[in-house]
Amino acid sequence: MTSTSTTEGTRELLLSRIRDVQDYPKPGVLFKDITPLLADPKAFAALTDTLAELCVRHGATKVVGLEARGFILAAPVAVRAGLGFVPVRKAGKLPGATLSQAYELEYGTAEIEVHAEDLSADDRIMVIDDVLATGGTAEASLELIRRAGAEVAGVAVLMELGFLPGRARLEQGLRGAPLEVLITV
């Protein structure tokens, strides 16, 4: 697993546009709000360009965005890189035939889905999300992609919460594919 060689200037720009929100969504939590980054066209373009370059570098043929903020990042990245975009959604949100994957949460389970026909054996998929925290959703997405017959090109995230076990949880599921992290907090 690797961390990308994002330029220091880009990293500083992105960090300067991420707002800390104390006690959200509950007391004791420091929430990293990316909406100021999205509202800044220069910062959003720098993020999009960096992630698109990673997709090209790793030979991706499609980009998967994880619900919900992953959609915001992954769709423009796919357009910039000239690739297709595939949403991975919470269970019950996609019409038609889907593949689903359940995964463990701290308290209980959750399930994600993808349209069965959107991924094929010819595809190399780059998974994009805003934050790597515990790694559950990203890990489930890797399993879902492989069950659809596609190959994992890698996982790219804007921000890794280094104090949580997401990286360790993903290690086995990546099977040697890269984990690209732009910022670790």
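Numbers here are sequence positions counted from 1.
- Side-chain contact between Ile128 and Val157 is absent, with no heavy atoms from C-beta onward closer than 4.5 Å.
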Pairs under 3.5 angstrom only: tabulate donor-acceptor contacts from the side chains of residues 90-101 to other protein residues two or more places apart or in another chain.
unit_1 : atom_1 : unit_2 : atom_2 : d
Ser100 : OG     : Glu111 : OE2    : 2.9
Gln101 : OE1    : Arg147 : NH1    : 3.0

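- Hydrophobic cluster membership differs between Phe85 and Val155, with clusters built from Ile, Leu, Val, Met, Phe, Trp and Tyr side chains linked at under 4.5 angstrom.
- Counting only heavy atoms from C-beta outward, the side chains of Arg175 and Arg146 approach each other to under 4.5 Å.
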Evaluate the criterion side-chain contact (heavy atoms from CB on, under 4.5 Å) for residue pair Glu12 and Arg17; output intermediate values, then yes/no. CA-CA 9 Å; Glu12 287 176 17; Arg17 301 306 188 271; over 6 Å; no
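- Val88 and Phe71 fall into different hydrophobic clusters, defined by Ile, Leu, Val, Met, Phe, Trp and Tyr side-chain heavy atoms under 4.5 Å apart, directly or through other members.
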Less than 3.5 Å apart, which donor and acceptor atoms pair up between the side chains of residues 23-32 and the rest of the protein, not counting sequence neighbours?
unit_1 : atom_1 : unit_2 : atom_2 : d
Asp23  : OD1    : Gly28  : N      : 2.8
Lys32  : NZ     : Asp20  : OD1    : 2.7
Lys32  : NZ     : Asp20  : OD2    : 3.4

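- Crowding of Gln172 atom CD: a count of heavy atoms from other residues, nucleotides or ligands under 6.0 Å not exceeding 12.
- The nearest pair of heavy atoms linking Met126 to Cys55 is CG-SG, 3.7 Å.
- The minimum heavy-atom distance linking Ala74 with Gly65 is given by the pair CB-CA, 3.6 Å.
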Checking Val86 against Ile145 for the side-chain contact (heavy atoms from CB on, under 4.5 Å) test, could you report, in this order, the C-alpha distance in whole Å, the side-chain angles of both residues, the deciding distance, and whether it holds? CA-CA 11 Å; Val86 178; Ile145 289 163; over 6 Å; no
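- Rounded to the nearest 0.5 angstrom, Leu47 CG and Thr10 OG1 are separated by 9.5 Å.
- One distance of note links CG of Asp129 with CD of Glu67; it measures 10.5 Å at 0.5 Å rounding.
- Tracing side-chain contacts under 4.5 Å through hydrophobic residues (I, L, V, M, F, W, Y), one never reaches Val56 starting from Val64; they form parts of separate clusters.
- Considering every non-hydrogen atom in both Ile72 and Pro76, the closest pair reads O-CD, 3.1 Å.
- Atom OG of Ser120 is separated from atom NZ of Lys62 by 5.5 Å, given to the nearest 0.5 angstrom.
- Interatomic distance, Leu14 CG to Ile34 CD1, rounded to the nearest 0.5 Å: 10.5 Å.
- By the criterion of side-chain heavy atoms lying less than 4.5 angstrom apart, applied directly or through intervening Ile, Leu, Val, Met, Phe, Trp or Tyr residues, Leu158 is not grouped with Val79; the two fall into different hydrophobic clusters.
- Judged by distance alone, the side chain of Arg124 and the main-chain N or O of Ala150 form no donor-acceptor pair under 3.5 Å.
- Judged purely by atom type and a 3.5 angstrom limit, Asp123 has no side-chain atom pairing as donor or acceptor with the backbone of Ile125.
- For the atom pair CZ of Arg69 and CE of Met159, the computed distance is 8.0 Å after rounding to the nearest 0.5 Å.
- What you find for Ala43 and Leu13 is that their closest heavy atoms are CA-CD2, 3.7 Å.
- Remark: Arg167 does not engage Glu171 in a salt bridge, criterion side-chain N to carboxylate O under 4.0 Å.
- For the atom pair CG of Leu161 and OG1 of Thr134, the computed distance is 9.5 Å after rounding to the nearest 0.5 Å.
- When every heavy atom of Leu170 is checked against every heavy atom of Gly135, the shortest pair comes out as CD2-O, 4.1 Å.
- Using modelled atom types, one finds no donor on one side chain facing an acceptor on the other under 3.5 Å when comparing Thr109 with Tyr103.
- Cluster membership for Val21 and Leu164, using ILVMFWY side-chain heavy atoms within less than 4.5 angstrom, is not shared.
- The heavy-atom pair separating Ser141 from Val127 by the smallest distance is OG-CG1, 3.7 Å.
- Taking 4.0 Å as the cut-off between side-chain N and carboxylate O, Glu113 and Arg89 do not count as a salt-bridged pair.
- For the pair Ile18 and Ile183, the minimum side-chain heavy-atom distance is below 4.5 Å.
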